[in-house]
Number of protein chains: 2
Amino acid sequence: MPGNALTANGSALTQAERTAISDKAMLDAAIDLILEHGTDGTTLQAIGEKAGYSRGLATYRFGSKAGLFDEVCKSISRRWLNYLNNVVGDKDGIDAMSVALDAFFQFISDSPRDARVLQILYCGAASPKSEYRQTSVNIHQRQRDDVANWIRAGMQAGSVREDADAESVAVQYIAYISGMTYLWLINPESVDFGKANEDMKQQLRRWLQQ
Amino acid sequence: MPGNALTANGSALTQAERTAISDKAMLDAAIDLILEHGTDGTTLQAIGEKAGYSRGLATYRFGSKAGLFDEVCKSISRRWLNYLNNVVGDKDGIDAMSVALDAFFQFISDSPRDARVLQILYCGAASPKSEYRQTSVNIHQRQRDDVANWIRAGMQAGSVREDADAESVAVQYIAYISGMTYLWLINPESVDFGKANEDMKQQLRRWLQQ
DNA sequence: ATAAAACTTGTTGTCGACAAGCAAGTGAGT
DNA sequence: ACTCACTTGCTTGTCGACAACAAGTTTTAT
C-alpha cells in the first residue's frame, strides 16, 4: 500500500514514515466518519479499519478518542490559519477583516468537509469535561487577538477611527463568524453566508471608517 | 416523597400526576448532570437514580437518551421564549431588539444553569445524526423570524429605515447571539456579555435608525 | 376484579480503554 | 557489512460501562 522505494538502510519504511502515514490515514478517516456519523457515532474501530489498520491503533497513538479528536481539531485549524495568514498578508484594519471574511467564505466553499468537521468539533468542545475544550478556547482567543491587532494597526496607520475599541470589535467579529458557522452547519440552506459577509463588511466600515 | 393528599378515588396520586412529577424530576436531574458531566458523561442510570427512580425509567419515558435531551432542550427553550415574549411585549424595531438583548443577558445572569445547558444541547445538535437537530433548527428559525418581524413592524411604524433588509439584519442578530453564547460557554471570563450587547445595540441603531 | 399505565429488573450487544504480545525497524559494537 | 539487543509500531485479548429492549412487578383506574 505505501511506496516501495527503499531507505538507506534497505528497509521499506522508516519508523517516522510509518507513523506519519498511519497518522494521516487515521486523521483523514476520522474526518470522513465524523462528517457521516458525528463524533458520538464514529468508533475507534471504524477509524482504525477505514485507515487500513486495526481497531487498537487509534487509542495507542492518540491515547483516547478525545485525544484523536483534539488532533483532528488542531490539524484542520492549522490548515485554516495558514490559509488565512497567506490571504491577509500584511493588511490591517478594515481591509484585513474584509479579506478574512472572504477567505472564510472561500474556505467553507472549497473545503466544506474540513469546515463542517471543525465546527462539529468546536461544538463538542462546549461540553463540560471536554478534553479538547482548551484547544477551542486557544484558537478562538488567538483569532480574536489577531483581529484586535489588525484594528490597532489600522488605527496607527490612520485607516481606523481613533476612538474605536479594538477588543470590542474583535469580540463582535469572532462571535459573528462563530454564530454564522453554527447556523450554516445545522441548516446550510437557511443562510446566505456570502450575503451576510457583505453586510458585515458594510457594518465594519460604518463602525470603524473615519 | 411526593405530596400525600388523596385523590377522589382514595389513591395517593393520579397517573397524570405521577408522570408529571417523575418527568420533571428527570428533566431537572438531567440539567444538573449535563452541567457537571456534559451530555456524553451523563448516563441514563445517573439521571434516573438522581431523580429518585430506577435506571430504566428515562428510556421508558423518553424512548432514548437523545429523546430525553430533546425534551430538556424544548423545556428550557420554552422557559426562555416565554420570558422573552413577556419582556418584548408589543415593542418592535430597534426597541424590541434592544430589550431582547437585555433579556438574554438577564436570562444568562439569572439562570446560568439553564442557559449553559441549552447552549450545550444546541452544540450537540450540530452533530450529523443528531436526533434533536431539528429542534435546534426550529428554535433558531423561529427566533430569526421574530426578529425579522420586529424589523418589518418597525419599518411600518416609521422607526426603522425603509431600505433595511429585515432578513439580513435578523441573521446577523441571531448569529451574534449564538456566537457570543458559545464563546461565553467555553470561556466565561473572556467575554463581557453586557458590554458586547451595548455595542450591538449601538450597531443596530447606526444600521437601522433613520 | 380486570385492565391499563407507571415503573423496575434482567439481558444483550457495542464501545472505549488498557494490557499483553507480536513484528518491523534501529543502531552500537565487532 | 553483520548481528544482536533494544525500541517502536501495531494487533489482539479482555474488562467494565453503557444504551436499548423485553419481560416482569407495582400502582392506579374502571
Side-chain angles (χ1 to χ4, degrees), chain A residues 1-27 29-30 33-34 37-70 124 129-132, chain B residues 1-26 29-30 33-34 37-71 124 129-132:
Chain A
M1 178 183 326
N4 42 17
L6 298 189
T7 62
N9 315 340
S11 49
L13 282 174
T14 260
Q15 297 281 50
E17 286 171 336
R18 294 216 300 168
T19 57
I21 290 171
S22 61
D23 251 44
K24 176 158 174 32
M26 285 194 291
L27 293 177
L33 290 166
I34 291 171
H37 303 112
T39 48
D40 288 16
T42 72
T43 66
L44 293 173
Q45 175 166 12
I47 291 172
E49 290 176 355
K50 186 179 172 86
Y53 297 87
S54 72
R55 64 183 166 77
L57 184 57
T59 302
Y60 167 76
R61 185 65 52 76
F62 299 103
S64 68
K65 195 176 177 181
L68 167 58
F69 288 165
D70 189 29
K129 300 273 182 76
S130 167
E131 297 177 43
Y132 54 98
Chain B
M1 171 185 334
N4 43 16
L6 299 189
T7 62
N9 316 339
S11 49
L13 282 174
T14 255
Q15 296 281 49
E17 285 171 337
R18 293 215 301 166
T19 57
I21 290 170
S22 61
D23 251 44
K24 177 161 175 23
M26 285 194 291
L33 289 166
I34 291 171
H37 303 113
T39 49
D40 288 17
T42 71
T43 67
L44 294 172
Q45 174 166 11
I47 292 172
E49 289 174 357
K50 186 180 175 84
Y53 297 86
S54 71
R55 61 184 168 77
L57 185 58
T59 302
Y60 167 75
R61 184 66 49 77
F62 299 102
S64 69
K65 195 175 177 181
L68 166 59
F69 289 165
D70 188 31
E71 219 46 57
K129 300 273 181 75
S130 167
E131 298 178 41
Y132 54 98

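The figures that follow rest on heavy atoms only: side chains count, while hydrogens, waters and symmetry mates do not. Proteins come first, then strands; the chains are lettered A, B, ... in the order of their sequence lines, and each starts at number 1.
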Where do A/S64 and A/T59 land on the side chain to side chain contact (heavy atoms under 4.5 Å, CB included) test, with the steps shown first? CA-CA 5 Å; A/S64 68; A/T59 302; 5.9 Å; no

When you look at B/R61 and B/T19, which way does the side chain to side chain contact (heavy atoms under 4.5 Å, CB included) test go after all the steps? CA-CA 9 Å; B/R61 184 66 49 77; B/T19 57; 3.9 Å; yes

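Proximity of B/D70 to B/E131: side-chain heavy atoms (C-beta onward) are nowhere separated by under 4.5 Å. Looking at heavy atoms from C-beta onward, B/F62 lies in side-chain contact with B/M26 at the 4.5 angstrom threshold.
For D/dG13, the base has a donor-acceptor partner in the side chain of A/R55 [N/O atoms by modelled type, under 3.5 angstrom].
Taking atom CZ of residue A/F62 and atom P of nucleotide D/dG9, one finds them 12 Å apart after rounding to whole Å. Between the C1' atom of D/dA19 and the CD atom of B/E131 lies a distance of 11 Å, rounded to the nearest Å. Separating the NZ atom of B/K65 from the P atom of D/dC18 is a distance of 9 Å, rounded to the nearest angstrom. The distance from atom CE of A/M26 to atom C1' of C/dG16 is 15 Å, rounded to the nearest whole Å. Look at NE2 on A/H37: it is 15 Å from C1' on C/dC15, rounded to the nearest Å. Atoms CG (B/L57) and C1' (C/dA5) sit 12 Å apart, rounded to a whole Å. Here D/dA20 presents its C1' atom at 14 Å from CG of B/L68, a figure rounded to the nearest Å. To the nearest angstrom, P of D/dT11 lies 8 Å from OH of A/Y53.
Heavy-atom nearest nucleotides on DNA chain C were determined for A/Q45 and for B/S54, and the one closer to the 5' end corresponds to B/S54. Where B/T42 and B/A16 meet DNA chain D, the nucleotide closest to each residue was compared, and B/T42 sits on the side nearer the 5' end.
Look at B/S22 and you'll find a side-chain N or O under 4.0 angstrom from OP1 or OP2 of C/dC7. Using a 4.0 Å cut-off, some side-chain N or O of A/Y60 falls inside it from OP1 or OP2 of D/dG9. Remark: B/T59 is not in phosphate contact with D/dC21, judged by side-chain N or O atoms under 4.0 Å from OP1 or OP2.
Between the OH atom of A/Y60 and the CZ atom of A/R55 there is a distance of 16.0 Å, given to the nearest 0.5 Å.
Comparing C/dC7, C/dA17, C/dT8 by their closest approach to the side chain of B/R18 singles out C/dC7.
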